[in-house]
Amino acid sequence: MEKGEKTSASEPVIRGKMYHIMLGPGDIPPYVLLPGDPGRIEAITSTWEQAEQLAFHREYRSARGVYKGIEIGAISTGIGGPSTSIAIEELARIGVHTLIRVGTTGAIQRDIEPGTLIIASAAVRFDGTSHEYAYPEYPAVASPDAVLALVEAAERLGYPYRVGVVASTASFHVGQSRPGFQDYSWSLSEKRLEDLQRMGVLSFEMEAATLFTLSNIYGLRSGCVCAAIANRVTNEFVKGKGVKETIMVANEALRILASADRKFGRKLHSISELYSVLKELA
Ligand code: URA
């Protein structure tokens, strides 16, 4: 956008492109991967047969390409709910309907080894942003067909994975029970990790709750697969462990979902429909 250029304040669009992601209708396929980190777009496109960079504006770097014959896209969301909600709002307006987050997460259960994939069935809404959209009681749940497709993909590829509830926080440090600057903590941060462990929550991350809440409200399909790069009980942190695997699982899950859509012309309604698609997919 040139300085001084004018647009609508309520629906900012610049020469046909959404104001933040700088993409317009048809620019990106309806099936997209959502990493948080713009730096991960290259790692994603390197796993596709064909790839083309689209835009890079603020934290939103995008690409499109082909994975095993499926037209596929990727766009980074940046960290946390606010930037993720902007990406979803703008992607929905340009026709994207299936979104799989590929991220990293910090396990909070002792038996989750670094590198394990966490497939989120739902997310605790400590993200802040989803509260701008719905009652606190509104659940942040993944789409069942996206969860099934992610599980099937992890099984096919033979990667270790767990399925369960994650907690999406609005802060990496104090919100995830890490000490703040100069060892700051308060009553909530001191208790959060322990409380969530007792509740059976698998891990901390920062975007799934926003993605799931907005997707359910807008009738989009969403899922999330994250690599557990940290374990907060054993205090291990292994940079990048499992990230490549999350990308492969998410690619494969999108291929399954796109094939199902092609076959049924709508979202999956049953496991038998999924099985009928899987039988046809090599
Ligand atoms: N992402 C998070 O939000 N927390 C972690 O501990 C690791 C990755």
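Just so you know, ligand 1 is whichever comes first in the structure, and atom 1 is the first atom listed for that ligand.
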R255 with E252: basic N within carboxylate O range, under 4.0 Å: yes

Proximal protein residues to ligand 1, non-hydrogen atoms under 4.0 angstrom: T104, T105, G106, F172, Q176, R178, F204, E205, M206

Donor-acceptor pairs under 3.5 angstrom involving side-chain atoms of residues 72-81: please list them, not counting sequence neighbours.
from: S76; atom 1: OG; to: E59; atom 2: O; distance (Å): 2.6
from: S76; atom 1: OG; to: R61; atom 2: N; distance (Å): 2.9

Atom pairs and distances, donor-acceptor, side-chain atoms in residues 156-167, under 3.5 Å, two or more places apart:
from: R156; atom 1: NE; to: E152; atom 2: OE2; distance (Å): 2.8
from: R156; atom 1: NH1; to: A282; atom 2: O; distance (Å): 3.3
from: R156; atom 1: NH2; to: L278; atom 2: O; distance (Å): 3.4
from: Y161; atom 1: OH; to: E155; atom 2: OE2; distance (Å): 2.5
from: R162; atom 1: NH1; to: D111; atom 2: OD1; distance (Å): 3.4
from: R162; atom 1: NH1; to: D111; atom 2: OD2; distance (Å): 3.4

Aromatic ring proximity H97/Y31, centre distance under 6.0 Å: yes

Qualifying residues under salt bridge (Lys or Arg N to Asp or Glu O under 4.0 Å), relative to E273, sequence neighbours excluded: R266

Trace of the side chain to side chain contact (heavy atoms under 4.5 Å, CB included) decision for F212 with V141: CA-CA 5 Å; F212 295 163; V141 286; 5.7 Å; no

